[in-house]
Amino acid sequence: MLRIVLAEDALLLREGLAALLARFGHEVVAAAGDPDSMSAAVAEQSPDIVVTDVRMPPTFTDEGLRAAVALRRAHPGLPVLILSQYVATAYAAKLLESTNDGGIGYLLKDRILEVREFVDGVERVAAGGCVIDPEVVRLLLTRHHNPLTRLTPREREILALMAEGRSNTAITNELRVSEKVVGKHINAIFTKLDLPPTVTDDHRRVRAVLMYLRA
């Protein structure tokens with residue numbers, strides 16, 4: 001039986017994953033909805049493995065992944081499995097560089113076709129193995145080429161409008177979507193272009209536009 005700290009901000013998914021792991025004989029000793037709770041749970045529970053999403057509060061960009069990198073530094077050898085819908089290339093590379101310090105994994109939710117495949121991944125990482133989705137590898141290999149290739153067509157469209165000097169409100173009016181949707185796309189653009197939240201949004205916006213114009 002593995003003792004697992006599970007970090008996932010979506011309540012239903014978090015509860016579903018906990019029930020699924022319990023079905024295979026493992027115990028979720030703590031279920032967290034944000035990076036701080038995850039870090040506190042690891043310190044308190046000393047789990048066999050941490051399973052975490054990437055996008056978590058407060059900005060829903062790459063907090064979970066950054067927290068995982070920090071946990072690996074604070075607890076050498078702690079196995080960590082990232083379970084996400086997308087690849088945050090900057091911090092993913094840092095995390096995967098630490099494979100000598102214990103098990104590591106990065107699986108994409110949409111590409112897991114069988115429950116047993118996910119559970120096997122958890123067990124292999126907890127045992128010190130490395131489980132990486134091939135799509136993660138492909139995206140990391142293209143990281144050193146044109147970063148704009150990571151963007152979806154909608155994200156490239158929004159970045160083009162940003163390059164024209166459009167505000168979020170103007171982009172909202174142009175695309176006829178909500179400002180919240182535009183904000184989520186812009187956060188995704190910043191993450192995929194490796195522009196961390198430590199830089200102000202205005203500076204990230206300028207740097208994203210410069211990358212677009214240079215491509």
Side-chain angles (χ1 to χ4, degrees), residues 1-10 13-35 37-56 62-144 150 191-192 194:
M1 181 186 75
L2 295 174
R3 301 176 68 256
I4 302 167
V5 166
L6 174 65
E8 165 64 57
D9 67 287
L13 181 54
R14 187 167 68 237
E15 293 298 316
L17 287 171
L20 186 156
L21 290 164
R23 203 173 90 206
F24 282 83
H26 303 305
E27 180 186 5
V28 173
V29 294
D34 61 79
S37 299
M38 173 175 68
S39 299
V42 169
E44 180 180 347
Q45 299 290 343
S46 298
D48 298 311
I49 184 173
V50 172
V51 178
T52 180
D53 193 3
V54 169
R55 289 182 172 175
M56 301 183 77
D62 57 4
E63 283 89 348
L65 186 50
R66 286 189 286 119
V69 172
L71 282 173
R72 293 275 285 187
R73 292 198 198 102
H75 306 273
L78 174 67
V80 172
L81 172 63
I82 302 298
L83 181 65
S84 184
Q85 289 182 318
Y86 82 114
V87 183
T89 53
Y91 284 96
K94 288 183 180 179
L95 185 68
L96 298 181
E97 285 167 3
S98 66
T99 52
N100 291 333
D101 298 326
I104 204 75
Y106 202 129
L107 296 177
L108 299 178
K109 294 175 182 177
D110 294 343
R111 288 169 55 85
I112 296 175
L113 302 179
E114 296 182 8
V115 168
R116 183 71 249 186
E117 178 185 355
F118 165 64
V119 177
D120 283 346
V122 173
E123 293 170 350
R124 286 170 60 192
V125 172
C130 183
V131 179
I132 311 295
D133 188 291
E135 181 66 8
V136 175
V137 175
R138 186 188 71 79
L139 290 173
L140 289 176
L141 288 174
T142 62
R143 178 178 174 227
H144 300 291
R150 306 172 206 159
T191 299
K192 292 179 181 180
D194 300 330

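FYI, side chains are in, hydrogens and waters are out, and symmetry mates aren't considered; it's all heavy atoms of this structure.
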Between [X] (side chain only) and [Y] (backbone N and O only), is there a donor and an acceptor less than 3.5 Å apart?
X	Y	answer
S39	P35	yes
D9	M56	no
D34	S37	yes
E27	V29	no
R150	K192	yes
H26	L2	yes

To the nearest 0.5 Å, how far apart are [atom1] in [X] and [atom2] in [Y]?
X	Y	atom1	atom2	answer
M38	T52	CE	OG1	4.0 Å
L81	I104	CG	CD1	8.5 Å
L83	L17	CG	CG	6.0 Å
M1	D48	CE	CG	8.0 Å

Please determine if K109 and D53 form a salt bridge, counting it only when a charged side-chain N lies under 4.0 Å from a carboxylate O. yes
Test log, rule side chain to side chain contact (heavy atoms under 4.5 Å, CB included), inputs F118 and L20: CA-CA 10 Å; F118 165 64; L20 186 156; 3.9 Å; yes
Is any side-chain heavy atom of L107 closer than 4.5 Å to a side-chain heavy atom of I112?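 L107 vs I112: side chains touch.
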I want to check something: taking the side chain as every heavy atom from C-beta on, are V125 and V80 in contact at a cut-off of under 4.5 Å? no
How close do A68 and I82 get, counting heavy atoms only, and between which atoms?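 Looking at all heavy atoms of both residues, the closest pair is CB-CD1, 4.0 Å.
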Shortest non-hydrogen contact from I49 to V122?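 Scanning both residues completely, I find the closest heavy atoms to be CD1-O, 3.4 Å.
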Derivation and outcome, side chain to side chain contact (heavy atoms under 4.5 Å, CB included), residues R55 and E63: CA-CA 6 Å; R55 289 182 172 175; E63 283 89 348; 5.8 Å; no
Take R23 and V115 through the side chain to side chain contact (heavy atoms under 4.5 Å, CB included) test and state the conclusion after the steps. CA-CA 11 Å; R23 203 173 90 206; V115 168; 4.2 Å; yes
Would V51 and V5 count as a side chain to side chain contact (heavy atoms under 4.5 Å, CB included) here? Give the steps. CA-CA 6 Å; V51 178; V5 166; over 6 Å; no
Any pair counted as salt bridge (charged side-chain N to carboxylate O under 4.0 Å, His left out), so long as it reaches residues 123-137, sequence neighbours left out: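 Of all non-adjacent pairs touching residues 123-137, those that pass salt bridge (charged side-chain N to carboxylate O under 4.0 Å, His left out) are R111-D133, R116-E123, E135-R138.
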